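First up is the structure itself, then whatever we jot down about it.
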Amino acid sequence: DAKTTQPPSMDCAEGRAANLPCNHSTISGNEYVYWYRQIHSQGPQYIIHGLKNNETNEMASLIITEDRKSSTLILPHATLRDTAVYYCIVRVKLPASGNTGKLIFGQGTTLQVKP
Amino acid sequence: DSGVTQTPKHLITATGQRVTLRCSPRSGDLSVYWYQQSLDQGLQFLIHYYNGEERAKGNILERFSAQQFPDLHSELNLSSLELGDSALYFCASSVEARGSADTQYFGPGTRLTVL
């Protein structure tokens with residue numbers, strides 16, 4: 001699985017957009033970009049994933065560059081409840097016979113949303 | 001609420017002891033993953049079971065073992081406990097059937113303290 005690089009921490013004002021970058025320069029053609037977050041010591045929570053097109057759901061938007069070497073997770077209107085550690089993970093998408101969907105977590109980005 | 005349940009929530013025990021952590025996946029999910037989160041190592045993948053069979057192993061110690069039962073719940077057994085085994089243990093479940101999403105849903109975790 002490709003390795004990812006994220007800034008260790010970021011601040012964002014409440015109500016503003018939070019843009020969290022991730023570098024994955026060694027990503028393979030069949031690997032997707034996944035984002036999870038962990039609020040305090042709760043179980044990680046899935047946010048969004050994508051291959052090469054921009055994706056949007058009720059939680060966030062994911063912008064992947066054309067060369068797929070980096071991506072940005074966008075929380076359009078950050079709230080205090082979005083304060084968490086955000087993890088960018090790259091791996092193949094399942095199902096594929098015999099494969100594992102194990103997630104390899106890096107250190108992530110600690111996002112602090114401030115009032 | 002992710003639909004994944006873990007018991008117990010907290011566990012305090014002594015060095016040298018053995019404990020069993022239990023995970024009930026979401027209804028219909030065939031895969032169960034176990035992860036360990038310690039302060040110095042972050043979130044680490046331990047082991048993956050799919051429909052009762054071991055599919056992948058990560059950095060799981062020989063003192064640790066797991067299994068997935070016919071009803072798809074899983075247990076993680078930790079023996080000869082050491083102080084360094086103190087951590088949060090998460091399980092996650094995923095459908096991983098053809099045509100479905102492969103999102104992992106995490107449980108609330110079991111906090112293990114070894115004294």
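We use all heavy atoms of the structure for the numbers below, so side chains are in, but hydrogens, waters and symmetry mates are not. No experiment lies behind these values; they were computed from the predicted model shown. Here is the naming used below: chain letters follow the sequence lines, and residue numbers restart at 1 for every chain.
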**Message:** Check whether A/Y36 reaches the backbone of B/Q104 with its side chain - one donor and one acceptor, N or O, closer than 3.5 Å.
**Reply:** yes

**Asked** Given B/D102, which of A/Y32, A/Y34, A/Y46 fulfils the side-chain hydrogen bond (donor to acceptor under 3.5 Å, both in side chains) condition?
**Response** A/Y34

**Message:** Would you say CZ of A/R16 has more than 12 non-hydrogen atoms from neighbouring residues, nucleotides or ligands within 6.0 angstrom?
**Reply:** no

**Complete:** NZ (B/K57) and OG1 (A/T100) are apart, to the nearest 0.5 Å, by 13.5 Å

**Asked** Is A/I47 linked to A/I63 within one hydrophobic cluster, defined over Ile, Leu, Val, Met, Phe, Trp and Tyr using a side-chain heavy-atom separation of less than 4.5 Å?
**Response** no

**Prompt:** With a cut-off of 6.0 Å (strictly less than), are more than 12 heavy atoms of other residues, nucleotides or ligands near CD of A/Q107?
**Reply:** no

**Request:** Decide whether A/V90 and A/L20 are clustered together by the hydrophobic rule: side chain heavy atoms of Ile, Leu, Val, Met, Phe, Trp, Tyr closer than 4.5 Å, transitively.
**Result:** yes

**Message:** Can you tell me if B/L39 has over 12 outside heavy atoms packed within less than 6.0 Å of its CG?
**Reply:** no

**Request:** With a 4.5 angstrom heavy-atom cut-off, could you sort out which part of B/L88 is near chain A: side chain, backbone, both or neither?
**Result:** side chain

**Prompt:** Is B/Y49 reachable from B/L76 through a run of I, L, V, M, F, W or Y residues, each pair having side-chain heavy atoms under 4.5 Å apart?
**Reply:** yes

**Item:** Cluster link B/V32 to B/Y50, ILVMFWY, side chain under 4.5 Å
**Value:** no

**Fill in**
Residue from B/Q6, B/Q37, B/Q44 scoring the most non-hydrogen pairs under 4.5 Å with chain A is B/Q37

**Asked** Is B/F106 close to A/Q38 at the side-chain level, that is, under 4.5 Å between some pair of heavy atoms?
**Response** no

**Prompt:** Any donor-acceptor pair under 3.5 Å linking the side chain of B/Y33 with the backbone of A/G101?
**Reply:** yes

**Request:** Indicate the atoms forming the closest heavy-atom contact of A/Q42 with B/F90, along with that distance.
**Result:** O-CZ, 3.6 Å

**Complete:** Turns out that what part of B/Y105 lies under 4.5 Å from chain A's heavy atoms comes down to neither

